[in-house]
Novice: 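Quick one: structure below, then a few questions.
Please read all numbers here as calculations on a predicted model, not as lab measurements. If you read the sequence from its start, that first residue is 1, and numbering goes on from there. Counting convention: from 1, in listed order, for ligands and their atoms alike.
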Amino acid sequence: MPVTVVVGAQWGDEGKAKIIDLLSKEHTYVVRYQGGHNAGHTVVVDDQKYALQLIPSGVLYDHVVPVIANGVVVDMPTLFKEIDTLEGRGISCSGLKVSSLAHLIFPWHQTHDAIAEAVRGDDKIGTTLKGIGPAYADKARRVGVRVGEVVDIERFAATVKARAIAENALIEQAGEPPLDVDEIVARFVEYGRRLQPYVADTVTLLHTALGRREQVLLEGAQATFLDLDHGTYPYVTSSNPTAGGACAGTGLGPRDISRIVGITKAYTTRVGAGPFPTELLDSDGDTLIDVGREFGTVTGRRRRAGWLDCVMLRQAVRLNSLSEVALTKLDILDGFESVKVCTAYRLDGELIDYYPDRSAVLARVEPVYETLSGWQTDLSATRESGTLPKQAKAFLALVEAQVGVPVKVVGVGAERDDYLLWTP
Ligand code: GDP
Ligand code: IMO
Ligand code: MG
């Protein structure tokens, strides 16, 4: 069963792309299975930074076939901008396959995203305003427009026009100026024509690849606690990043998957609103944000930061059947005299070791920490787990003991080769 899933174990930006880039060496297909251009996946190669939103992070390798599967919502303007930028930098995207079953994002989705956020006022989710929620809502309402429809461009034009007119009525009802229907139809027909050669039956493509024993890597965007069902609802995204979503989002079955890698930072970050038990609003939090350069790739927003939360990680192991963990950004903790790890919560005075399923309860828990000595050593050049300082080894051993699955890869810098394979 040669399918590997990579999934974020926290609230996103764990460094998934860097680990996917590493695993891509041994995979032929790298497949995005959910989300859209709300994702910002960064790979750094020889000081060159590649920030990907829609195209799978494996694209940097010539041997990889990048696939955008059915569970993704596709914003064509972003897709083509990304293709042009990558090709301008010498990375070919000609092998890209986009599922005919994936749904398209249109300008009205972005307008509705902004209206919904404005209506929520102080209680806003802090979405990326990319139209992700409204596009998935249209999919669920069965009025979405799918990628495969661009193959019949005349009909596609008529559908886009009808949808734009219907959506304009709602936009005007909300007191916002209507969109220019003719401009949208003309522009999206051009995008649709450009998309035609990339359109594919990716379900058949992937099953055929498995039949040939080729290695397939499924790339999660967002993360476990942004999952529409299992995350901190309503402060979540509108898809299922958890490993189960990888099956629905690709058409592969659960028994096709053999390895599920959860990615966590050595601490925690979150961008947007919602509960965050270990959030630090003090100078330690500022240090994590400054040293870790915790500013969003997509929106430039300052992320929120706090210590590592093993209660959440244990829940992520359950929700995704994680077989292993990759822990990134250990180097960001280099300067701390002491480092904390949350091992349990206190709820109404009682110690609990589980993750409460309701956001309102999670917002009330207090973290219980184990405090470890820091290593105060620059780890960025470390490539062997044996040469890690004993305090860093103790940190990794505690994480493993807490989450119950092995930590296999440890990130010590942003560059492609800044990692080590951890053996206790
Ligand atoms: P993703 O959305 O999960 O792919 O993560 P992002 O790319 O949004 O954010 C992770 C950031 O951390 C990026 O800027 C990466 O280049 C960087 N990064 C990844 N792993 C490491 C690491 O081990 N150490 C350091 N210092 N930076 C890392
Ligand atoms: P990657 O793949 C971090 C957050 C937004 C907001 C919530 C809903 O780079 O880890 P949406 O636009 O999806 O409706 O916003 O989800 N969010 C992310 N946070 N990393 C991401 O992606 C995110 N994608 C969405 O900030 O809180
Ligand atoms: Mg990101």
Novice: Using a 4.0 Å heavy-atom cut-off, say whether Y235 meets ligand 2 through its side chain, its backbone, both or neither.
Specialist: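 Neither; no heavy atom under 4.0 Å.
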Novice: So that I know where these two stand, are Y354 and Y345 an aromatic pair - ring centroids less than 6.0 Å apart?
Specialist: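 No, the ring centres sit 6.0 Å or more apart.
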Novice: Heavy-atom contact check, 4.0 Å cutoff: does G12 meet ligand 1?
Specialist: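 No, that is not the case, since the closest heavy atom of the residue is not under 4.0 Å from the ligand.
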Novice: Geometry only, no angles: is R301 polar-contacting ligand 2 at N/O separations under 3.5 Å?
Specialist: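 Between R301 and ligand 2, an N or O pair is found under 3.5 Å apart.
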Novice: Quick one: the OD1 of D13, the Mg ion (ligand 3), O of G40 angle, rounded to 10°, please.
Specialist: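 Computed angle, vertex at the Mg ion (ligand 3), rounded to 10 degrees: 160°.
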Novice: Answer yes or no for R301 and F295: cation-pi contact, defined as NZ/CZ to six-membered ring centre under 6.0 Å and angle to ring axis within 45°.
Specialist: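 Here R301 fails the 6.0 Å and 45° test against F295.
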Novice: Between ligand 2 and G40, can you find any atom pair, the residue atom being a heavy atom, that is separated by under 4.0 Å?
Specialist: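 Right, G40 reaches ligand 2.
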Novice: Could you list the atoms of ligand 1 found under 4.0 angstrom from a heavy atom of I332?
Specialist: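 Counting atoms of ligand 1 from 1, those under 4.0 Å from I332 are 26 (N).
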Novice: If the cut-off is 4.0 Å to any non-hydrogen atom of R303, which atoms of ligand 1 fall inside it?
Specialist: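 By the 4.0 Å cutoff, the relevant atoms are 8 (O).
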Novice: Which is closest to atom 14 (O) of ligand 1 by heavy-atom distance: T269, V44, T42?
Specialist: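 The nearest heavy atom belongs to T42.
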Novice: Is the W11 to Y235 ring centre distance short of 6.0 Å?
Specialist: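 Not under 6.0 Å, so no.
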Novice: Between ligand 1 and G413, can you find any atom pair, the residue atom being a heavy atom, that is separated by under 4.0 Å?
Specialist: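 A heavy atom of G413 does come that close to ligand 1.
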Novice: Can you find an N/O atom of H41 closer than 3.5 Å to an N/O atom of ligand 2?
Specialist: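 Indeed, backbone or side chain, H41 has an N or O that close.
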Novice: Suppose we measure from atom 12 (O) of ligand 2 to each protein heavy atom; which comes out shortest, and what is that distance?
Specialist: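 For atom 12 (O) of ligand 2, the nearest protein heavy atom is T128 OG1, 2.6 Å.
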Novice: With a 4.0 Å cut-off on heavy atoms, is D331 touching ligand 1?
Specialist: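 Distance cut 4.0 Å: D331 passes for ligand 1.
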Novice: Mark up the atoms of ligand 1 that fall under 4.0 Å of a heavy atom belonging to E14, in ascending order.
Specialist: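 In order of number, 3 (O), 5 (O).
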Novice: Can you tell which part of V412 has a heavy atom less than 4.0 Å from ligand 1: side chain, backbone, both or neither?
Specialist: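 The part of V412 near ligand 1 is the backbone, not the side chain.
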Novice: Using only heavy-atom distances, determine whether the side chains of N38 and Q222 contain a donor-acceptor pair under 3.5 Å.
Specialist: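 Present: a donor and an acceptor within the cut-off.
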Novice: Just to verify, which of D227, T242, T224 counts as forming a side-chain hydrogen bond (donor to acceptor under 3.5 Å, both in side chains) with N320?
Specialist: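 Testing N320 for a side-chain hydrogen bond (donor to acceptor under 3.5 Å, both in side chains) against D227, T242, T224 leaves exactly one candidate, T224.
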Novice: Please compare T237, L129, L226 and report which has the shortest non-hydrogen distance to atom 17 (N) of ligand 2.
Specialist: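 When every heavy atom of T237, L129, L226 is considered, L226 comes closest to atom 17 (N) of ligand 2.
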Novice: For atom 18 (N) of ligand 1, tell me which residue out of A414, A17, G220 has the closest non-hydrogen atom.
Specialist: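 Nearest option to atom 18 (N) of ligand 1, by heavy atoms: A414.
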Novice: Check whether any N, O or S atom of K16, backbone or side chain, sits closer than 2.8 Å to the Mg ion (ligand 3).
Specialist: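 Under 2.8 Å: K16 has no N, O or S contact with the Mg ion (ligand 3).
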Novice: Please classify the H41 to ligand 1 contact at 4.0 Å (heavy-atom distances, strictly less than): side chain, backbone, both or neither.
Specialist: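 For H41, the contact with ligand 1 is made by both the backbone and the side chain.
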Novice: Does V236 approach ligand 2 within less than 4.0 angstrom via side chain, backbone, both or neither, non-hydrogen atoms only?
Specialist: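 Near ligand 2, V236 shows its backbone, while the atoms from C-beta on stay back.
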Novice: Please write down residue, atom name and distance for the protein heavy atom closest to atom 5 (C) of ligand 2.
Specialist: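 Looking only at protein heavy atoms, the one closest to atom 5 (C) of ligand 2 is G126 O, 3.5 Å.
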Novice: Do the side-chain N and O atoms of Q48 and R89 include a donor-acceptor pair separated by under 3.5 angstrom?
Specialist: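 Short answer, yes.
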